[in-house]
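Just follow the structure's listing: the first ligand is 1, and inside any ligand the first atom is 1. Keep in mind that what you see is a predicted model, and the values were worked out from it rather than measured.
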Amino acid sequence: MKTLLLTATIAGFSLVNPLHAQISPRPRPIIVAQSESGFKLWIKQFEAKALANGISRRTFNRAFRGVKLNQRVMALDRKQAEFSRQIWDYLDTATSPKRVKNGKAMMQKHRKKLRKIEKKYQVDAKAVLAIWGLESSYGSNMGDINIIEALATLAYEGRRRKFGESQLLTALKVIQRGDITPKRMMGSWAGAMGHTQFIPTSYQAYAQDFDGDGRRDVWDPRDPGDALASTANYLHKFGWVYKQPWGVEVKLPKKFNYGNASLKVKATPARWHELGVRLVSGGRIPNHGKGSVFLPAGADGPAFVVFKNFFVIKRYNNANSYAMAVGHLGDKIAGGGEFAREWPRGPGALKLNDKIAVQELLNRAGYDVGDPDGIIGPKTIDAISAFQSAQGVPLTGKADQDLLKLLRRKVR
Ligand code: CA
């Protein structure tokens, strides 16, 4: 899931994870040879900058011990944007039965702690759980790259120099403060750390020492308390409205003016009622504050009125699809079900069994997609692209009926 959120582009939004600071997709650069010796020289130069910014030589040496130019980080940074995915495919994965089941188990396991966090920060536990589930699959995928090495590589390589440098300086300050040892400071290639994937500047501004041991340990595999409190604090600081939903599914009247279906148009539930908007059950939209009509898949798909908390979630990761996934996953963890209206999946769309068949055929053809689970993630999309490329057919990266037919014809 992590890799999915790292690279997937959904509905035009790049989901580089987490987008506390925006990393916009850029055109492929001219590849300049990057060498270990050049990197060593860069570290020397950067050291002067770090010392001028209040980092002690001791901290610097500790943090940079054994740090090398990280080829994996460079490869991931240079990877081209993934094919766009439809909102329903993304939500299928983001709110899969497995993620919901694990979320419910985590709700049980950490019940006491979550209740305390909810009270203290006035942020609903289900939203915090959902972010945890999306960012690291509840701590099972926090990233295994040395953060100093990742950020130094990004800062040296040049494409994200400014981002890499400022995050790296902040990461050094975190080490100097004693929150974490350099060795345990692990995360994603893009610098996101811990259970809920904070980049260093977000960590510095919002991380919490919930258990009061003097360290803001968002990495502890046994105790996610600090990390979950940090996430709750982040949402609180951006205006979370306690006990209010992210949105509700609605139905629109026949004569609805679709010009009003915009996140920029905000009105009270009473006003939407006057305009004929109703809950899917037919009832009146409760007063959750001002909201916007949101049609993630256009007029033929489910319709929603989204409220303040939808926009607060977007401060964590600035994509509508991400905000929906967090909201919907949280609702499912709390016992909610699927949306009432079907997504317009279209005639070429594959059902779950067909998606599994696609993965089995790709595996058989030598394109490794891992365990066939019906989730069309980056690994499967890469395999589809490679297969399409080898077959000389147009590259779509899409698991659809055309692809399944071609696979069945070509793969024995
Ligand atoms: Ca702590």
Worksheet item: For residues 358-369, which residue pairs qualify under salt bridge (charged side-chain N to carboxylate O under 4.0 Å, His left out), counting only residues two or more places apart or in two chains?
Response: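 Every salt bridge (charged side-chain N to carboxylate O under 4.0 Å, His left out) pair that includes a residue of residues 358-369, provided the two are not neighbours, is Asp368-Lys379.
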
Worksheet item: Checking Lys120 against Phe210: charged group under 6.0 Å from the ring centre and within 45 degrees of the axis?
Response: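 Negative - Lys120 is either too far from the ring of Phe210 or too far off its axis.
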
Fill in: Matching residue for Gln359 among Ile384, Leu407, Asp354, Asp373 - test: side-chain contact (heavy atoms from CB on, under 4.5 Å)
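It is Asp373, the one option of Ile384, Leu407, Asp354, Asp373 that forms the side-chain contact (heavy atoms from CB on, under 4.5 Å) with Gln359.
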
Practice prompt. Give the total of protein N/O/S atoms at a distance below 3.0 Å from the Ca ion (ligand 1).
Written response: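 N, O or S atoms of the protein closer than 3.0 Å: 5.
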
Worksheet item: Got a salt bridge between Arg271 and Glu274, using NZ or NE/NH1/NH2 to carboxylate O under 4.0 Å?
Response: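 Here Arg271 pairs with Glu274 in a salt bridge, since their nearest N and O are under 4.0 Å apart.
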
Discussion item. The test is salt bridge (charged side-chain N to carboxylate O under 4.0 Å, His left out); show your working for Arg215 and Asp226 and say whether it passes.
Written reply: CA-CA 9 Å; Arg215 289 187 303 273; Asp226 282 5; over 6 Å; no

Discussion item. Suppose we call two aromatic rings close when their centres sit under 6.0 Å apart. Are Phe294 and Phe310 close by that rule?
Written reply: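 For Phe294 and Phe310, the ring centres are under 6.0 Å apart.
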
